[in-house]
Amino acid sequence: MEYNFSEIEPRWQRYWEINKTFKTTDNFSKPKYYILDMFPYPSGAGLHVGHPEGYTATDIVSRYKRMKGYNVLHPMGYDAFGLPAEQYAMQTGTHPAVTTNKNCDNFRRQIKSIGLSYDWDREINTTDPHYYKWTQWIFKQLYNTWFDETINKGRPVSELTIPDEIKSQGKDAVKQYIAGKRLAYYDNAQVWWCDSCKTVCANEEVLTDGSHEKCGHTVTRKNLKQWLLRIPLYAERLLQGLEELDWPAGIIDMQKNWIGKSTGAEIDFSIEGLDKKLKVYTTRPDTLFGATYMVISPEHGMAGEITIPEKKKEVEKYIQKASLKSDLDRTDLAKEKTGVFTGRYAVNPVNNKLIPIWIADYVLMGYGTGAIMAVPAHDTRDFEFAQEFDLPVICILDPKDADGREEILKGLKCWTEDGEYINSSSMETGLDINGLNKLNGIQKTIEWLESNNLGKATVNYKMRDWLFSRQRYWGEPFPVIHWEDGEVTLLDDDELPLLLPDLEKYTPGEAGESPLANASEWLHVIDKNGRRGRRETNTMPQWAGSCWYYLRYIDPFNEQMILNPDKEKYWMPVDLYIGGAEHAVLHLLYSRFWHKVLYDLGIVSTDEPFKKLFNQGMILAYAYETATGAKVTSDLVEEHEGRHFHTKTGEELKQIVAKMSKSLKNVVNPDDIIERYGADSLRLYEMFMGPLDERKPWSETGVKGVFNFLNRVFRFFGDTGNINLEKESTEVAKTLHQTIKKVGSDIENLKFNTAISALMVLNNTAMKQGTVSKDTAETFAKLLSPFAPHLGEELWSVYGHNKTISYEPWPEADESLLQEDSFEYPVSFNGKMRFKIELPLDMELEDIKKTVLSDQRAEKWLAGKSLRKFIFVPKKIINIAVN
RNA sequence: GCCCGGGUGGCGGAAUUGGUAGACGCGCUGGAUUCAAAAUCCAGUUCUGGCAACAGAGUGCGGGUUCGAUUCCCGCCCCGGGUACCA
C-alpha cells in the first residue's frame, strides 16, 4: 500500500477541526502546561521554513504533554500592526486592515496545513479593536502608575503623596510633580528619526552601525515631543528577575548587558570662581588622586557658565561641531579624541589640587551625570585624550609584577587592572589609601567621601527611557487628548477602544506628523465646556501589542476585563516559550517590564511571564559561488556525484551556507515541501536537521530521507499483516522500551533530532524482525504521533480505534526489560580499544581480571610488557595499562 | 576591544558530561529485482597501508592533567551572534 500523505493529511486536519480536538477548557483540576510560540507578523510573503521550526517544536511538546495528562494551552495569533501594510496602503490606497486580514488568512491556511495542534478558538490579532482596547487600557495603567523606590514597586498615582512644598505652589505644580513620576510621560526628547520610515524609533531599534533595524536606513537625531516609558525605574527588578529564569545564558547575558548596571560613586567637585558644584559619576573613586583633568559633555547644562569669556568663541564652535557630528556616521569618527579647554579649573576634593575642565564629545550626556573626572593613568579613553592634548598622567596604582611596569609608573602607559596604590594620600584632607588594593581602595574612598559630604555610593544603568510613540497610522491610537490650554487627559475606560479612523490617504501629515493628522473629523474634539482639543496623532510601536498577548490567550473574549484573575492564576506563567533570538532584548525586555507593572498593580499573579525560554536557530540554505567568490543563483547549479557545476559554463562551484534570499534563489517555501512530501515530512525534517537552537542548512535530500522513513513506517506498521505476534520478541521489546525512555526524555529536553533517530532505530529493528505484536505497533504509533501526527492518527485508526490518538496515555518504559545480566566490555590497552568481551555483571573483580588477562586476544598486547594497572569500571570499560 | 555561542567523516549531525569516536540520516560504491528506468531490498562506506586478518593515524592548532580526553586545564587560530568612548 502506498503512503498517500496527500489523502491522509487533509483528512485528519478536517477531523481535528470538526471535532475541535485541541480545544482547551479551563479545567482547573488538571495540571496545566502553557506552551507559547512567538506569534508571527503576517507578511505578504507568507510562511518561510523558519516559522514551522519553532512551531513544530512547541507542537511536539504540546502533543506529548497532552498524552502525559496535562491540560495544555497552546494558542496562535498575529502581531499584525506594522509598516508593510501601511506602505502598501500608501501606494495602492488599500486599507491596511484589508491587507492584514488577507495575510492572516494565508498564514492561518499555511499553519493549519502543517497539522499544528493550536486551539484556534483562542486566535488573537493585535489589530482587532477588541484586542487593542486592552493595549490602550494597559497604557492607561502605565500612565497612572508611579514607581515607589522605597518599596521597589509600582503604585497607582492616587497613592502618591505630594510634598507640602509642591502643594503650596498650586495646582499646576502638583500636576507637574505627578507627571514627573508617571511611568508614561509626554516630553521633549532627543530621539532617533528614520527618514525612510518617516518615524522615530527606540534606542533598542537602532543597530550598532547607526541603522534602523527595520529598514536598514541610517537614523538621525531629532528633538520631538513624544511619549516615553520609564523602564529604567524597573532596571533592578528586571535584572534580579533574570536569576530565576530558565533561559538561554546568552539571552540573559544580553539583557544584563542592555540593562548595564554599574556601581560607583557620585562625587561633587567645587569649581574655582563659581559657586556651584560639578557632579561626576565614576566606578573608580579610588583613582581620585590620579585625576588630572575633568571633562563635561558638549550638551552639559553647565557648559556655558563654566567656560570663561576668553574661551567662549572656541567652545561654542566645538559644541556646534559636536552637535552636527551626532548626525553623521558616529562610529567612523568615534575613535579620534577631540575636545576643548574651558579655561576654568575644578578642585580635586582629595588633595585640593586644581585641575582643568575640558569639554569633549567622548563624554556622553545620556550616561551618569554627563561629566567625568579623568584619570589618564588608569583609563584608556582618558589616556588617549591626555596624549592628544598633552595633559599630565599620574600613576597611582603600582601594577607590581605586570609587564611594562616601569612605563606604567612613569605614566607612559595606561594600566586598568588591580595593583597597589601609590601617591594616594593627603595630609591636608586626611585620606590615605596607599598600599591598599582596588577593592579596598574603592570602599575606603567612598566612606571618606560620604563622611565628608563630598559624594556618595551610586548605582547607574545604561538602559534609557523607552520611546513609545511612532508617527504611523497602522498602530494602536493613544487614548489621549491634548487640550488647547495645555492639559493632557486620557479617555475613560468606557470610551475604549479608541478606534483608528478610516483615511483617504495614508501619507504622513505636516512636518513628519502621523497620517492621523489628516483625519480632521476624528482629530478634533470639544469637551462639554467648549474647550477644544486634539487627539494624539502618534500611534504605539509594534512592541505594544506583543508585550502582553500571552495574557489575552488565557481569556480572549472577555469584554469586561483584560483577563479573569482565576484563569490567570491557573495558566500563568508561560511554561515554555519558543521563538527567535532576534527578540533577545526588545520584545522580551519590554514584555517583562509591562508584566512587572501589571504584577505590581495586582492584575497578574506572577512577577515573570516566561518561565522557560528557548530560541530556535535560523534555517539557512546552500548557496554556490565560483572560485573567485562570485555568487551563482541556485537555478544555475547542477550536481554530479556530490560536486556542483554551473549549468551554462560548466565551471565547478563551491557550496557554501548562506541565509535564504531572493537574490540567491534559494528560498524554500513550506507549501512546496508539503505538496511534494507532506506535512509530516516537513515537520520531521525540520526537527531532524540538528539541534533546535543551532543554525543549520536546509537540504532537499534530507527531506527525502525522512520522507523515506515515513514510507517505511507506513509500509511496515500500516500493514496489519505484520502485526500478528502474541508475545513480542526480546530484541524488539528491548529496543521498544529503550525508545520509550529516550523519546520521552529527549522531548523534555527539546532534543528532537535524537528522538527521531531513536524512532528510526526502532523501525529498523522491527522491520528486520519482520513481525511485531499489536502492543508494540500501538506504542510505536503513540511515540511517533507528536512528531508526525497525521501518520500517528492514521496508524491508530488502522489498529481499529475510532477516537483520536491525541489523548491516549503516553507509554511507560518497563525498566525490568532494560535490565541486563551481562555487559560487553570494551577492553583497552593504554586507552586504545583492542577487543570486546562479554562478562556477567555479578562477576568478581579477581575473576574478571583472570578472564581478561588470560584471553587469547590479550596475549599480543601483554607480550614482553609488564602490567602496570588494571582498571575496571562496571558497565563501562576495562583498561589495562602496560609498560 | 569586550561578552556569549561553535569548530567531529564527502555532507547534516550522534556520543548517557572523563570511559568502544562517528548513532541516525544524506551522499557514494557494489549487488538483488527489472527488457530498462524509477521505486524497493541487501552489503559496504573516517583516513592511510594491506587481497585480507590486521596495523597506524584521527574530534581546529600547540601544550598539560589522567590508566583513559571530542569532554577538564593553559596558550593560540578560525567561524557565527551580541555590544561598543557607559566613565
Side-chain angles (χ1 to χ4, degrees), chain A residues 2 207-208 248-254 256-258 260-262 264 280-284 287 295 297 330-331 333-337 360-364 366-375 379-382 384-385 460-464 581-582 584-585 617-618 620 622 639 641-643 655 657 684-685 688-691 693-706 708-709 711-712 715 742 745 751 753-761 763-764 767 824-836 860 868-873 875-882:
Chain A
E2 266 301 286
L207 302 180
T208 337
I251 302 290
I252 294 203
D253 282 343
M254 280 165 73
K256 279 187 182 165
N257 228 313
W258 192 265
K261 180 177 182 174
S262 85
V280 304
Y281 172 74
T282 176
T283 53
R284 297 293 304 275
T287 59
V295 184
S297 125
R330 296 156 69 91
T331 44
L333 300 166
K335 293 294 157 231
E336 217 159 286
K337 297 272 184 298
D361 65 2
Y362 83 91
V363 172
L364 309 171
Y367 185 77
T369 62
I372 62 155
M373 63 177 211
V375 185
D379 181 287
T380 44
R381 295 151 304 176
D382 297 344
E384 281 167 21
F385 190 82
N460 243 306
Y461 301 92
K462 270 200 280 191
M463 189 169 43
R464 312 285 161 77
E582 65 273 21
V585 282
M618 201 189 309
L620 306 168
Y622 289 117
E639 193 190 326
E641 294 170 1
R643 291 158 70 192
Q655 189 182 54
V657 171
L684 217 54
Y685 176 62
F688 187 64
M689 291 173 86
D693 55 351
E694 250 153 62
R695 40 167 48 208
K696 44 215 171 259
W698 182 271
S699 127
E700 176 112 12
T701 52
V703 187
K704 277 185 199 157
V706 293
N708 204 12
F709 164 64
N711 269 289
R712 285 157 60 89
R715 273 202 306 274
K742 177 142 184 73
S745 70
K751 289 166 73 173
N753 53 335
T754 48
I756 292 167
S757 137
L759 289 169
M760 287 172 168
V761 172
N763 185 238
N764 291 344
M767 281 180 87
E824 191 184 34
Y825 283 95
V827 180
S828 329
F829 289 81
N830 289 340
K832 194 96 197 161
M833 207 279 286
R834 294 305 174 181
F835 61 87
K836 290 177 189 174
K860 94 195 237 200
R868 199 145 51 93
K869 210 168 182 182
F870 186 92
I871 287 124
F872 171 76
V873 185
K875 285 185 93 172
K876 285 267 154 75
I877 203 170
I878 292 165
N879 189 22
I880 298 157
V882 290

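Chain letters run A, B, ... following the sequence lines, proteins first, then strands; residues in each count from 1.
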If you compare every side-chain N and O of [X] against the phosphate oxygens of [N] (OP1, OP2), does one of them come in below 4.0 Å?
X	N	answer
A:Asn879	B:U66	no
A:Lys876	B:G19	no
A:Asn257	B:A84	no
A:Tyr281	B:A87	no

With rounding to the closest Å, how many angstrom separate the [atom1] atoms on [N] and [M]?
N	M	atom1	answer
B:G18	B:G6	P	16 Å
B:A84	B:C4	C1'	15 Å
B:A57	B:G50	C1'	15 Å
B:U17	B:U59	C1'	16 Å
B:A52	B:C61	C1'	36 Å
B:C24	B:C72	C1'	29 Å
B:C26	B:U45	C1'	13 Å
B:G9	B:U48	P	14 Å

Base, sugar-phosphate alone, or nothing: which one does [X] contact when heavy atoms must sit under 4.0 Å apart?
X	value
A:Tyr622	sugar-phosphate
A:Val761	sugar-phosphate
A:Val585	nothing
A:Lys704	nothing
A:Asn764	sugar-phosphate
A:Arg834	sugar-phosphate
A:Thr701	sugar-phosphate
A:Asn708	sugar-phosphate
A:Lys256	nothing
A:Gly368	nothing

Nearest 0.5 Å please: distance from the [atom1] atom of [X] over to the [atom2] atom of [Y].
X	Y	atom1	atom2	value
A:Phe835	A:Phe829	CZ	CZ	5.0 Å
A:Thr754	A:Phe688	OG1	CZ	10.0 Å
A:Ser828	A:Asn879	OG	CG	4.5 Å
A:Arg715	A:Glu2	CZ	CD	8.0 Å

Decide yes or no for [X] and [Y]: does some side-chain heavy atom of the first lie under 4.5 Å from some side-chain heavy atom of the second?
X	Y	answer
A:Thr282	A:Ile372	no
A:Arg464	A:Tyr367	yes
A:Met760	A:Val706	yes
A:Glu384	A:Tyr362	no

**Q.** B:U29, syn or anti by chi within 90 degrees of zero
**A.** anti

Q.
For B:G5, does the O4'-C1'-N9-C4 or O4'-C1'-N1-C2 angle fall within 90° of 0, making it syn, or is it anti?
A. anti

Quickly work out the [X] [atom1] to [N] [atom2] distance and round it to whole Å.
X	N	atom1	atom2	answer
A:Leu620	B:C79	CG	C1'	13 Å
A:Met833	B:A21	CE	P	6 Å
A:Lys462	B:C3	NZ	P	13 Å
A:Phe709	B:C24	CZ	P	13 Å
A:Glu582	B:U83	CD	C1'	17 Å
A:Arg715	B:C41	CZ	C1'	9 Å
A:Tyr685	B:C24	OH	C1'	13 Å
A:Phe835	B:A55	CZ	C1'	16 Å

(Q) Test side chain to side chain contact (heavy atoms under 4.5 Å, CB included) on A:Asp379 and A:Thr287; report intermediate values, then the result. (A) CA-CA 10 Å; A:Asp379 181 287; A:Thr287 59; over 6 Å; no

Q: Without swapping roles, check the side chain of A:Tyr825 against the backbone of A:Lys875 for a donor-acceptor pair under 3.5 Å.
A: yes

(Q) Closer than 3.5 angstrom, by distance alone: can the side chain of A:Tyr685 be matched with the main-chain N or O of A:Trp698 as a donor-acceptor pair? (A) no

Q: Decide yes or no, distance alone: a donor-acceptor N/O pair under 3.5 angstrom between the base of B:C85 and the side-chain of A:Lys337.
A: yes

Q | A:Ser297 versus A:Val363, closest heavy-atom pair with distance | A | CB-O, 3.0 Å

Q: Between A:Lys869 and A:Pro826, just flag the one whose closest nucleotide in RNA chain B comes earlier from the 5' side.
A: A:Pro826

Q: Please tell me which of A:Asp379 and A:Ala249 maps to the more 5' nucleotide of RNA chain B, matching each residue to the nucleotide holding its nearest heavy atom.
A: A:Ala249

Q: For the side chain of A:Thr283, starting at C-beta, report the closest nucleotide among B:C26, B:A87, B:C24.
A: B:A87

Q.
As a quick check of understanding, evaluate side chain to side chain contact (heavy atoms under 4.5 Å, CB included) for A:Arg712 and A:Asn763, giving each step before the final call.
A. CA-CA 8 Å; A:Arg712 285 157 60 89; A:Asn763 185 238; 3.8 Å; yes

Q: Whenever both distances are under 3.5 Å in a Watson-Crick or G-U wobble pair, mark it; put RNA chain B into dot-bracket that way, with [ ] for crossing pairs and | when the partner is on another strand.
A: (((((((..(((......[....)))((((((.......))))))((((....))))..(((((..]....))))))))))))....

Listing time: all N or O pairs from protein to nucleotides 13-15 of chain B that are below 3.5 Å?
| residue | atom | partner | partner atom | Å |
| --- | --- | --- | --- | --- |
| B:A14 | OP1 | A:Asn753 | ND2 | 3.0 |
| B:A15 | OP1 | A:Lys751 | NZ | 3.4 |

